[in-house]
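Source: prediction; values computed, not measured. Basis for what follows: all heavy atoms, side chains included, without hydrogens, waters or symmetry-related copies.
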Amino acid sequence: MEKEIYRDCQRNHARCLGGYAIDGCTQFIPFNNSKTHCKACGCHRNYHRKVLCRDLEQSPNGKSFRSLREAKRMARQQQSCGGVNMKQRKSKFSMGQREAMREFGEGLGWSMRNKDRPEEINRFCERIGVSRIIFKTWLNNNKKCYFKGTSSANISS
């Protein structure tokens, strides 16, 4: 039987300041009769990381767990055996694609916010064989590298 367990609090208390800070609450403890708020940190249950566990009293072979260490070891083994590899495939571009994207990115001013040019951007992406989203990601990842070089060249001249 699977059971829901709520672990550490993931609420970002410094989000409005543009930072990241969590309160350090490590386990959801229900407040009085309310099962929605944590007694330790006061946050809603949805901010706590939810873990689905099988009944921890019995191991798959019918024996009781001897220790928490053994339970964690068995959980890691189950994840490694039945886990799905969620890593995304990295895009690889040819030199011609990279050069074409760099030149086109310079023409766009390293921004996809040109609302008057969406058809031109779509045609460019189709021509070099890259989706619009992949091009946008490449543009955002590389604009500092290329844009910095062009701005320093403009300053020195």
Side-chain angles (χ1 to χ4, degrees), residues 1-31 34-54 56 71-157:
M1 179 175 168
E2 286 195 358
K3 182 171 134 178
E4 293 177 350
I5 297 174
Y6 293 91
R7 296 286 182 187
D8 52 322
C9 184
Q10 300 292 308
R11 184 174 182 188
N12 183 4
H13 292 277
R15 183 183 62 87
C16 62
L17 301 173
Y20 182 76
I22 56 175
D23 57 15
C25 178
T26 58
Q27 179 91 20
F28 177 78
I29 303 167
F31 186 71
S34 170
K35 296 193 182 240
T36 59
H37 287 82
C38 180
K39 187 175 184 178
C41 63
C43 296
H44 193 273
R45 182 178 65 194
N46 290 346
Y47 284 111
H48 288 261
R49 184 173 52 92
K50 182 167 73 170
V51 179
L52 294 175
C53 295
R54 282 196 275 156
L56 292 178
K72 287 181 179 179
R73 182 184 55 78
M74 292 181 75
R76 278 194 305 271
Q77 285 177 344
Q78 286 177 344
Q79 286 176 346
S80 65
C81 294
V84 177
N85 190 0
M86 298 300 286
K87 188 173 180 180
Q88 282 187 326
R89 185 179 61 87
K90 186 175 179 179
S91 299
K92 300 201 181 208
F93 303 110
S94 68
M95 283 299 281
Q97 285 176 320
R98 272 183 268 173
E99 188 60 29
M101 288 190 288
R102 185 187 60 78
E103 289 173 5
F104 194 72
E106 286 175 354
L108 291 175
W110 296 99
S111 175
M112 291 281 283
R113 294 186 182 182
N114 297 325
K115 295 187 178 183
D116 53 333
R117 298 172 66 177
E119 291 84 21
E120 183 182 353
I121 294 170
N122 289 337
R123 280 194 308 269
F124 169 75
C125 292
E126 287 177 17
R127 184 172 54 95
I128 65 167
V130 174
S131 74
R132 183 183 174 98
I133 294 171
I134 299 284
F135 174 63
K136 179 182 173 186
T137 303
W138 184 91
L139 195 69
N140 287 330
N141 289 343
N142 291 282
K143 69 180 164 187
K144 289 182 181 176
C145 175
Y146 291 118
F147 192 60
K148 184 169 76 172
T150 58
S151 64
S152 64
N154 292 339
I155 292 170
S156 64
S157 55

Restricting to non-hydrogen atoms, name the atom on Asp116 and the atom on Pro118 that form the minimum distance, rounded to 0.1 Å. C-CD, 3.3 Å
Which residues share a side chain to side chain donor-acceptor pair (under 3.5 Å) with Arg102, sequence neighbours left out: Glu99, Glu106
Kindly say whether Arg7 contributes a backbone atom to a donor-acceptor pair with the side chain of His48 at under 3.5 angstrom? yes
How long is the span from the NZ atom in Lys92 to the CZ atom in Arg98, to the nearest 0.5 Å? 10.0 Å
Considering only heavy atoms from C-beta outward, does the side chain of Tyr6 approach that of Lys50 to under 4.5 Å? yes
Does the side chain of Phe104 come within less than 4.5 Å of Ile121's, by heavy atoms? yes
Does a side-chain heavy-atom distance below 4.5 Å link Lys144 with Trp110? no
For Ala100 and Ile128, the nearest pair of non-hydrogen atoms, with its separation, is CB-CG2, 4.0 Å
Tightest non-hydrogen contact, residues Arg11 and Ile22, listed as O-CG2, 3.4 Å
Main-chain N/O of Cys25 paired with Asp8 side-chain donor or acceptor, under 3.5 Å: no
CZ on Arg45 to OG1 on Thr36, rounded to 0.5 Å: 7.0 Å
Spatial distance of atom SG (Cys125) from atom CE (Met101) [nearest 0.5 Å]: 9.0 Å
Taking all atoms of both residues into account, what is the closest heavy-atom pair of Ser91 and Ile134, and its distance? OG-CD1, 3.7 Å
Indicate yes or no: at least one non-hydrogen side-chain atom of Phe135 is less than 4.5 angstrom from one of Leu108. yes
Name all residues meeting the side chain to side chain donor-acceptor pair (under 3.5 Å) criterion together with Arg117; count only those two or more places apart in sequence or in a different chain, and write none if there are none. Glu120
Residue pairs fulfilling side-chain hydrogen bond (donor to acceptor under 3.5 Å, both in side chains) with at least one residue in residues 125-139, sequence neighbours excluded: Asn122-Arg132
Starting at CD1 of Ile29, measure out to NE2 of His37 and round the result to the nearest 0.5 Å. 15.0 Å
